[in-house]
Amino acid sequence: MSQLKVYNSLTRQKEVFESITPGHVGMYVCGPTVSGESHLGHARPYITFDVLYRYLTHLGYKVRYVRNITDAGHFEEEGREAEDKISKKAVLEKLEPMELVQKYTNLFHWAMDQFNTVPPSIEPTATGHIVEQIGMIQEIIKAGYAYEVNGSVYFDVKKYAASHDYGKLSGRVIDDLLETTRELEGQEEKRDRADFALWKSAAPEHIMRWQSPWGVGFPGWHIECSAMATKYLGAQFDIHGGGMDLQFPHHESEIAQSTICNHTAPVRYWMHNNMITINGKKMGKSYNNVIKLTELFSGDHPILEKAYHPMTVRFFILQTQYRSTLDFGNEALQAAEKGLKRLMEAHEWLAKYEIGSTKYEAKDKSLDEKALQLIAEFDEFMNDDLNTAKVLASMFELVPVINGLKDKHIAADALSSNTIQLLQTKLKLYIEDIFGLKSISGEDSGRFNAVMQILIELRKDAKSKKDFVTSDKIRNQLAELGIQLKDEKDGGMSYSL
RNA sequence: GGUCCUGUGGCCGAGUGGCUAGGCAGAGCUCUGCAAAAGCUCCUACAGCGGUUCGAAUCCGCUCGGGACCUCCA
């Protein structure tokens with residue numbers, strides 16, 4: 001089997017993945033800022049890295065997956081007034097900051113559950129790691145790479161850049177950063193424009209505040225990830241993931257901080273997912289085109305023609321390679337919805353298919369070989385930087401084979417018993433365990449199914465008596481409820497929701 | 001302004017030198033009481049212009065278009 005290769009943003013090329021500690025993987029993914037509701041954009045990284053987590057686990061690694069919750073609130077420097085996103089919203093909504101943070105954290109967890117993502121091994125909060133962050137800042141000051149001004153602490157980028165490659169990850173040229181003509185206000189404390197805050201002194205109205213060696217304040221917006229990643233994954237760990245938009249300055253600064261503090265580059269493989277766009281534009285607050293996940297699932301948004309099931313969205317995201325932009329649209333989502341249904345129905349039928357205990361050889365050698373080839377491609381494409389799009393394409397080429405077996409169009413022994421068994425195993429592995437896809441029809445309980453079987457029998461009886469009024473009545477009324485009856489080739493009948 | 005990415009058939013998207021992914025939509029056929037489902041077949045694209053090459057969607061140059069980051073952002 002081929003080896004897993006991943007695209008490393010740091011080196012700008014695909015590299016064979018080798019973990020630092022054999023058998024173990026440390027993976028950190030930048031989590032959400034819970035100052036507001038999660039939106040469609042959040043779905044991409046957490047689903048992408050969920051699949052990576054599942055895949056690494058499948059490969060036999062013991063993975064420690066750390067994904068933080070940013071609940072401390074980052075300061076914004078719009079114009080001159082520094083303010084905390086979370087504390088500002090809290091005033092507007094008349095909530096305690098932690099109450100607000102809890103609300104959106106819960107909502108985030110709910111959405112992630114809808115997407116069937118596996119919870120991370122550790123989900124640390126920024127507010128729970130103030131001590132660690134302060135400790136790290138002290139280390140950086142001691143090393144001479146940070147300075148204090150009026151109760152705030154800034155990282156000295158110029159000094160760091162003199163001996164380190166600041167900008168390596170994001171392709172930034174340090175001189176451009178230092179000599180940019182653009183002037184922002186409220187930065188007079190910094191020695192240099194490129195410097196970034198490690199600790200900010202809190203104004204009196206700032207609700208989220210902690211005591212520190214430099215006075216009352218709050219942590220800068222890059223330090224939390226460095227502190228928590230170091231604490232739970234060590235000075236050097238395998239994978240750091242996040243959205244491409246975080247590459248600069250967030251991840252670049254993370255590297256700088258951690259490198260000074262731990263005397264080593266923190267991350268072996270930096271992985272960045274691309275953005276979701278809407279009509280070609282990145283989704284973001286500044287574009288006013290944000291679709292919240294609750295709106296996506298309910299269809300309650302002007303852009304949406306209908307509600308989309310979380311599994312449809314998950315499948316939609318996996319239909320493209322994670323480093324490409326993904327353009328959102330109703331037509332594309334509806335295509336994904338139908339495609340997912342066809343794939344899942346074929347998979348579910350095959351999963352229940354009984355091969356019997358007697359082994360047999362393939363009657364149709366070329367079809368058998370083709371199937372084996374397509375199955376082998378699952379691993380091959382997955383190892384090529386998680387090309388889930390190609391894996392799905394191979395699966396879809398197998399769907400007509402499965403449906404052929406189902407309607408007897410393809411002989412039961414066309415494929416060898418071993419091939420069918422392998423297909424069952426691999427499809428289950430990839431669809432359910434690695435891709436985390438579930439059937440959309442959630443009401444398929446035993447009792448519901450039993451009721452459906454009664455209706456199916458009634459329709460079959462009516463049909464055999466050529467009582468088409470009754471048989472059509474059953475079919476059409478069920479259709480109105482969104483339940484589709486399907487007559488099959490061999491006289492059987494099934495339904496789908 | 002600086003740095004970088006990108007332009008594929010009606011829509012979404014794979015694809016880094018030759019063997020013309022895949023999904024959805026559309027057309028025809030088979031099956032069927034009708035319909036749906038399913039199967040088979042068809043629709044064979046790569047922004048434009050040059051260049052390199054036996055051969056380019058794929059490499060190089062230019063033009064035009066789109067986008068990202070540089071500021072909170074997944």
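Below, chain A is the first sequence line, B the second, and so on; all start at residue 1.
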So what does [X] hit on the nucleic acid, given a heavy-atom distance under 4.0 Å: a base, only sugar-phosphate, or nothing?
{"X": "A/Gly41", "answer": "base"}
{"X": "A/Lys406", "answer": "nothing"}
{"X": "A/Ile276", "answer": "base"}
{"X": "A/Gly171", "answer": "sugar-phosphate"}
{"X": "A/Phe468", "answer": "base"}
{"X": "A/Met244", "answer": "nothing"}
{"X": "A/Gln321", "answer": "sugar-phosphate"}
{"X": "A/His272", "answer": "nothing"}
{"X": "A/Gly329", "answer": "nothing"}
{"X": "A/Thr325", "answer": "sugar-phosphate"}
{"X": "A/Glu397", "answer": "sugar-phosphate"}
{"X": "A/Phe381", "answer": "nothing"}
{"X": "A/Ser38", "answer": "nothing"}
{"X": "A/Lys466", "answer": "nothing"}

Candidates [options] - which lies nearest the side chain of [X]:
{"X": "A/His39", "options": "B/A74, B/A35, B/G13", "answer": "B/A74"}
{"X": "A/Asp472", "options": "B/G13, B/G33, B/C70", "answer": "B/G33"}
{"X": "A/Gln319", "options": "B/C11, B/A74, B/G23", "answer": "B/G23"}
{"X": "A/Arg475", "options": "B/G39, B/C72, B/G33", "answer": "B/G33"}
{"X": "A/Lys463", "options": "B/C34, B/A74, B/A21", "answer": "B/C34"}
{"X": "A/Asp487", "options": "B/G39, B/C34, B/A21", "answer": "B/C34"}
{"X": "A/Asn387", "options": "B/A14, B/A36, B/C34", "answer": "B/A14"}
{"X": "A/Arg172", "options": "B/A37, B/A38, B/G2", "answer": "B/G2"}
{"X": "A/Asn403", "options": "B/G39, B/C70, B/C12", "answer": "B/G39"}
{"X": "A/Ala335", "options": "B/C34, B/G23, B/A74", "answer": "B/G23"}

Ring geometry between [Y] and [X] (parallel below 30°, tilted from 30 to 60°, perpendicular above 60°):
{"X": "A/Tyr166", "Y": "A/Phe196", "result": "parallel"}
{"X": "A/His42", "Y": "A/His39", "result": "tilted"}
{"X": "A/Trp349", "Y": "A/Tyr353", "result": "tilted"}
{"X": "A/Phe237", "Y": "A/Tyr28", "result": "tilted"}

[N] and [M]: how far apart are their [atom1] atoms, nearest whole angstrom?
{"N": "B/U53", "M": "B/U63", "atom1": "C1'", "value": "23 Å"}
{"N": "B/A47", "M": "B/G65", "atom1": "C1'", "value": "7 Å"}
{"N": "B/C31", "M": "B/G26", "atom1": "P", "value": "22 Å"}
{"N": "B/A45", "M": "B/U20", "atom1": "C1'", "value": "10 Å"}
{"N": "B/C24", "M": "B/G13", "atom1": "C1'", "value": "11 Å"}
{"N": "B/G9", "M": "B/A14", "atom1": "C1'", "value": "14 Å"}
{"N": "B/G15", "M": "B/U44", "atom1": "C1'", "value": "15 Å"}
{"N": "B/A25", "M": "B/G10", "atom1": "C1'", "value": "7 Å"}

query = Is any side-chain N or O of A/Asn274 under 3.5 Å from a base N or O of B/A68, one able to act as donor and the other as acceptor?
reply = no
Donor-acceptor pair present, A/Asp327 side chain and B/G13 base, under 3.5 Å = no
Does [N] have a Watson-Crick or wobble partner in any strand here, with both distances under 3.5 angstrom, and which is it?
{"N": "B/G7", "value": "B/C64"}
{"N": "B/G1", "value": "B/C70"}
{"N": "B/C40", "value": "B/G28"}

Within the 3.5 Å criterion, strictly below it, is a donor on [X] or [Y] matched to an acceptor on the partner's side chain?
{"X": "A/His222", "Y": "A/His251", "answer": "no"}
{"X": "A/Asp364", "Y": "A/Ser366", "answer": "yes"}
{"X": "A/Asn68", "Y": "A/Thr70", "answer": "yes"}

Under-4.0 Å side-chain N/O to phosphate OP1/OP2 contact, [X] with [N]:
{"X": "A/Arg193", "N": "B/U71", "result": "yes"}
{"X": "A/Ser496", "N": "B/A37", "result": "no"}
{"X": "A/Ser170", "N": "B/C70", "result": "no"}
{"X": "A/Arg342", "N": "B/A37", "result": "no"}
{"X": "A/Lys390", "N": "B/G22", "result": "no"}

inquiry  = Could you check, using the six-membered ring where one of them is a Trp, whether A/Trp110 and A/Phe297 have ring centers closer than 6.0 angstrom?
reply    = yes
task = Please test A/Asp467 against A/Thr470 for side-chain hydrogen bond (donor to acceptor under 3.5 Å, both in side chains), starting from the C-alpha separation and ending with a verdict.
result = CA-CA 6 Å; A/Asp467 177 7; A/Thr470 304; 2.5 Å; yes
Dump the pairs, protein N or O against N or O of nucleotides 40-45 of chain B, anything under 3.5 Å, distances to one decimal.
none

request  = Please step through side-chain hydrogen bond (donor to acceptor under 3.5 Å, both in side chains) for the pair A/Glu15 and A/Thr11, ending with a clear verdict.
outcome  = CA-CA 9 Å; A/Glu15 297 175 353; A/Thr11 56; 2.5 Å; yes
query = Just checking, A/Arg314 and A/Phe115: is the charged tip under 6.0 Å from the six-membered ring centre and within 45° of the axis?
reply = no
